[in-house]
Student: 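Have a look at this one.
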Protein chains: 2
Amino acid sequence: MSNADEQAGPAVTGPLAHRVPDLGALELLLAVARLGSLGGAARELGITQPAASSRIRSMERQLGVALVDRSPRGSRLTDAGALVTDWARRIVAAAEAFDVGVQALRVRRDSRLRVAASMTIAEYLLPGWLLALRAQRPDTAVSLHAGNSTVVAERLLADEADLGFVEGLSVPAGLDSAVIAHDRLIVVTAPGHAWARRRRSLAAGELASTPLILREKGSGTRQVLDAALGGLARPLIELSSTTAVKAAAVSGAGPAVLSELAVGEELSMRRLVPVPVEGVALTRDLRAVWPTGHRPTGPARDLLSLTRG
Amino acid sequence: MSNADEQAGPAVTGPLAHRVPDLGALELLLAVARLGSLGGAARELGITQPAASSRIRSMERQLGVALVDRSPRGSRLTDAGALVTDWARRIVAAAEAFDVGVQALRVRRDSRLRVAASMTIAEYLLPGWLLALRAQRPDTAVSLHAGNSTVVAERLLADEADLGFVEGLSVPAGLDSAVIAHDRLIVVTAPGHAWARRRRSLAAGELASTPLILREKGSGTRQVLDAALGGLARPLIELSSTTAVKAAAVSGAGPAVLSELAVGEELSMRRLVPVPVEGVALTRDLRAVWPTGHRPTGPARDLLSLTRG
DNA sequence: ATGGCGACATAAGCTGGGTTTATGAGCAAC
DNA sequence: GTTGCTCATAAACCCAGCTTATGTCGCCAT
């Protein structure tokens with residue numbers, strides 16, 4: 001009777017999984033949006049119509065939002081449903097990238113195309129490329145091995161990989177290469193940090209004299225920064241993974257220097273903000289590499305051509 | 001006996017949900033990565049240690065990849081596990097944006113902060129802002145209403161919203177505004193299209209004389225394009241949602257003109273490629289708006305300050 | 001009208017994945 | 001040794017989602 005049962009706002013804490021529908025439900029929603037019919041969507045996903053009906057209904061109950069307008073001649077999204085569907089599409093896209101990446105990780109042998117890539121490229125770029133490759137060559141099995149430049153070179157020279165990707169400053173001996181993209185290192189801080197409000201660009205000297213959250217010495221990222229500053233980078237902390245550096249920066253520990261590729265997500269969600277810098281060469285080439293003489297052919301050539309803008 | 005049971009490559013078709021672990025498992029994996037312990041992760045998610053153990057194990061079975069190295073004094077990610085975890089992190093981030101968006105959609109009344117926003121902003125920018133807002137004001141309940149500029153203005157003037165966001169060319173009467181960001185329209189095509197290989201910038205005349213995939217007349221996006229070209233845009237097809245335009249462009253139907261915000265995902269996955277254009281003013285302001293005189297205060301002021309770069 | 005068809009809803013029964021409790025086993029430090 | 005942390009295994013339980021079978025509603029053709 002009172003507003004006591006009017007849910008005083010469902011727990012905003014606790015596992016996400018309890019408040020976000022599972023992937024199956026989201027895929028179903030996308031199919032309904034595209035086909036305009038519950039039954040049709042059910043057919044496409046290989047389940048029965050009542051299953052689809054019930055699943056959409058329970059998703060609406062879970063979210064507390066009406067998503068589709070049912071009518072005896074089809075179903076259309078509500079306004080809120082359209083918005084929710086667009087957000088869902090992004091979860092599904094991330095899941096597709098995950099899927100294609102994991103598949104490449106698993107199928108180690110008897111693959112038609114064996115790729116070796118540096119961590120940053122494997123993490124941020126390869127899933128997108130593999131999705132594109134699958135779109136035009138659906139039956140190419142791809143295997144992926146991630147490691148640093150040295151490991152990539154070893155695998156190529158031992159004929160354990162057909163195509164490699166590296167991000168270092170130089171190309172390992174015995175390999176030919178082509179620049180496929182450029183990566184920029186950027187300085188970022190949590191939104192609360194003093195530098196987040198700067199409008200004037202940071203000068204090289206200022207950057208060199210401030211303790212920064214950095215990858216460990218020897219990492220590709222650190223090499224580029226040290227080279228750009230003349231070996232002067234002063235670490236506040238040294239961490240051994242990009243993820244750890246990001247986490248430290250987000251928590252406000254200080255300014256960090258990271259690949260632009262690694263922080264796209266955080267920037268657009270404003271968990272981190274970029275600090276303008278000038279007079280420091282923080283770009284590096286991303287290169288495809290292969291054994292000297294063995295120009296990529298077949299699937300390797302297809303993948304290579306996909307990576308060039 | 002033969003290699004018949006050696007899985008001739010697990011079905012690369014069919015529902016994603018069968019090949020990608022559910023959100024609960026991914027969250028668990030992230031917790032394990034962060035805490036270095038199955039039991040610790042279990043505690044954090046409010047489940048028991050055996051449940052966590054079994055869930056991680058079944059995820060490894062599902063993916064066909066060993067993710068964590070168990071030892072009697074903790075668990076660490078394998079190399080492959082680290083890669084998988086990073087891909088998982090992106091799914092979880094998308095799910096967080098979904099969650100915060102849906103919550104705002106649901107809590108229509110008795111919210112401390114009522115926001116009205118145009119579709120594009122609600123879709124692509126607001127979830128990020130709301131996440132940031134929740135980080136600094138965890139107990140602010142937010143409600144969201146999406147609609148075009150006119151609707152946003154109506155709600156603000158009727159005191160049904162505290163803060164609005166619009167993307168049109170002009171500010172509705174009776175409202176004050178502040179520019180919070182700029183949006184650029186860009187020309188995109190599928191990677192196979194002839195324009196995808198262009199290096200020379202496209203001139204205005206060329207753009208105006210080519211049939212394009214466009215939003216319907218009257219939409220914010222279309223208004224900007226028509227104004228920039230002097231009302232000359234020639235439609236190949238007119239579609240009523242950003243999503244439909246993207247889908248048509250990806251399928252190779254022709255070049256499309258879309259907000260940069262809408263195609264970030266597609267660009268980075270190379271489902272679409274940008275076509276350079278020059279001599280056409282395709283930027284528009286994104287503005288926060290409020291009733292003249294009623295400068296935003298409290299939560300509205302907090303949100304507003306988050307949106308400025 | 002009337003029967004047919006397509007789309008969604010409801011009901012009942014089954015199944016499996018994930019959970020819990022309870023217990024065992026390995027390694028480290030005191 | 002004993003204590004305390006880790007993870008693994010086993011058995012019992014529970015519920016979400018599936019299927020099959022059937023009902024209802026609106027449209028359309030005859």
Side-chain angles (χ1 to χ4, degrees), chain A residues 10 14-64 66-78 81 85 88 95, chain B residues 10-11 14-64 66-78 81 85 88 92 95:
Chain A
L16 219 45
H18 293 164
R19 282 167 294 145
V20 177
D22 60 56
L23 275 170
L26 298 179
E27 277 189 286
L28 177 60
L29 179 63
L30 297 190
V32 170
R34 183 156 34 82
L35 301 173
S37 149
L38 289 185
R43 236 169 291 129
E44 180 168 288
L45 298 194
I47 60 177
T48 59
Q49 172 268 318
S53 176
S54 128
R55 216 162 171 187
I56 293 282
R57 183 171 298 284
S58 72
M59 177 160 48
E60 290 178 312
R61 199 155 22 83
Q62 177 184 21
L63 300 181
L67 299 174
V68 308
D69 268 337
R70 290 110 166 131
S71 90
R73 69 183 180 298
S75 297
R76 287 208 59 65
L77 294 179
T78 61
T85 301
Chain B
L16 220 45
H18 293 164
R19 281 167 296 143
V20 178
D22 61 53
L23 274 170
L26 298 179
E27 277 189 285
L28 177 59
L29 179 62
L30 297 190
V32 171
R34 184 157 34 82
L35 300 173
S37 150
L38 289 185
R43 236 169 291 128
E44 179 168 289
L45 298 193
I47 61 179
T48 60
Q49 173 267 319
S53 176
S54 129
R55 225 174 160 175
I56 293 283
R57 183 169 299 284
S58 73
M59 176 160 48
E60 290 178 312
R61 200 158 20 85
Q62 177 184 23
L63 300 182
L67 299 174
V68 308
D69 268 337
R70 292 116 168 122
S71 92
R73 69 184 181 297
S75 296
R76 286 207 61 64
L77 294 179
T78 61
T85 302
V92 172

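Note that the structure is a prediction, hence the values are computed from the model and not measured. Chain letters run A, B, ... following the sequence lines, proteins first, then strands; residues in each count from 1.
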Student: Report yes if at least one side-chain N or O of A:Thr48 is closer than 4.0 Å to OP1 or OP2 of D:dT19; otherwise report no.
Tutor: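 It does, given that an N or O in the side chain of A:Thr48 lies less than 4.0 Å from OP1 or OP2 of D:dT19.
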Student: Going by heavy atoms closer than 4.0 Å, what residues in residues 22-40 of chain B are next to DNA chain D?
Tutor: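 Contacting residues: B:Ser37, B:Leu38, B:Gly39.
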Student: Quickly work out the A:Met59 CE to D:dC18 C1' distance and round it to whole Å.
Tutor: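 Taking CE of A:Met59 and C1' of D:dC18, I get 16 Å after rounding.
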Student: Measure CD1/B:Ile47 against C1'/C:dG17 and give the value in whole Å, please.
Tutor: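 Distance check: B:Ile47 CD1 to C:dG17 C1' gives 13 Å.
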Student: Which listed nucleotide (D:dC27, D:dT9, C:dG18) is nearest to the side chain of B:Arg55?
Tutor: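 Shortest atom-to-atom distance from the side chain points to C:dG18.
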Student: Please report the interatomic distance CZ(B:Arg34) to CG(B:Leu29), rounded to the nearest 0.5 Å.
Tutor: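 Spacing of CZ (B:Arg34) from CG (B:Leu29) equals 11.0 Å.
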Student: Taking for each residue the nucleotide of DNA chain C with the nearest heavy atom, is it B:Ser58 or B:Pro50 whose nucleotide lies nearer the 5' end?
Tutor: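 Nearer the 5' end of the strand: B:Ser58.
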Student: Let's see if you can work this out: which of C:dG26, C:dT10, D:dC27 has an atom nearest to the side-chain heavy atoms of A:Arg73?
Tutor: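 Nearest listed nucleotide: D:dC27.
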Student: For A:Arg76, which contact category applies under a 4.0 Å heavy-atom criterion: base, sugar-phosphate, or nothing?
Tutor: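 Nothing, no nucleic acid heavy atom in range.
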Student: Please check the phosphate of D:dC7 (OP1 and OP2 only) for any side-chain N or O of B:Ser75 closer than 4.0 Å.
Tutor: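 Yes.
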Student: In Å and rounded to the nearest 0.5 Å, what is the CG to NE2 distance from B:Leu23 to A:His18?
Tutor: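 If I round to the nearest 0.5 Å, the distance is 10.5 Å.
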Student: Show the numbers, then the answer: is there a side-chain contact (heavy atoms from CB on, under 4.5 Å) between A:Leu28 and A:Met59?
Tutor: CA-CA 10 Å; A:Leu28 177 60; A:Met59 177 160 48; 5.8 Å; no
Student: Taking N and O atoms by type only, does the side chain of A:Gln49 place a donor or acceptor under 3.5 Å from a partner on the base of C:dA7?
Tutor: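 Under the 3.5 Å cut-off, the side chain and the base do not form any donor-acceptor pair.
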Student: Side chains of A:Arg55 and A:Asp22, heavy atoms from C-beta outward: is any pair under 4.5 Å?
Tutor: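 Sidechains of A:Asp22 and A:Arg55: in contact.
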Student: Heavy atoms from C-beta onward define the side chain here; which of C:dA7, C:dT19, D:dC7 lies closest to that of B:Ala51?
Tutor: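 So the nucleotide nearest the side chain must be C:dT19.
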Student: Would you give the length of the straight line joining atom CZ of A:Arg70 to atom CZ of A:Arg57, rounded to the nearest 0.5 angstrom?
Tutor: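 The CZ atom of A:Arg70 sits 4.5 Å away from the CZ atom of A:Arg57.
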Student: Given atom CG of B:Leu67 and atom C1' of D:dC7, what is their separation to the nearest angstrom?
Tutor: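 Roughly 16 Å, once rounded to whole Å.
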Student: Drop me the distance from B:Arg43's CZ to B:Leu38's CG, to the nearest 0.5 angstrom.
Tutor: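 Between atom CZ of B:Arg43 and atom CG of B:Leu38 there are 11.0 Å.
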Student: Within the structure, does a side-chain N or O atom of A:Arg70 lie under 4.0 Å from either OP1 or OP2 of C:dA7?
Tutor: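 No, no such contact exists.
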Student: For B:Ser54 and C:dG18, is the shortest distance between a side-chain N/O and OP1 or OP2 below 4.0 Å?
Tutor: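 No, no such contact exists.
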Student: To the nearest Å, how far apart are B:Arg57 CZ and C:dG17 C1'?
Tutor: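 So the CZ-C1' distance, B:Arg57 to C:dG17, works out to 16 Å.
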Student: Whole-Å distance between D:dC7 P and B:Asp69 CG?
Tutor: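 Distance check: B:Asp69 CG to D:dC7 P gives 12 Å.
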Student: Does a side-chain N or O from A:Ser53 land closer than 4.0 Å to OP1 or OP2 of C:dC8, or not?
Tutor: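 So the side chain of A:Ser53 is outside the cut-off, no N or O lying under 4.0 Å from OP1 or OP2 of C:dC8.
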Student: Does B:Ser75 reach the main-chain N or O of B:Ser37 with its side chain, forming a donor-acceptor pair under 3.5 Å?
Tutor: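 Checking the backbone N and O of B:Ser37 against the side chain of B:Ser75, no donor-acceptor pair under 3.5 Å is found.
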Student: In whole angstrom, what separates B:Glu60's CD from D:dC7's P?
Tutor: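 In whole Å, D:dC7 P and B:Glu60 CD are 13 Å from each other.
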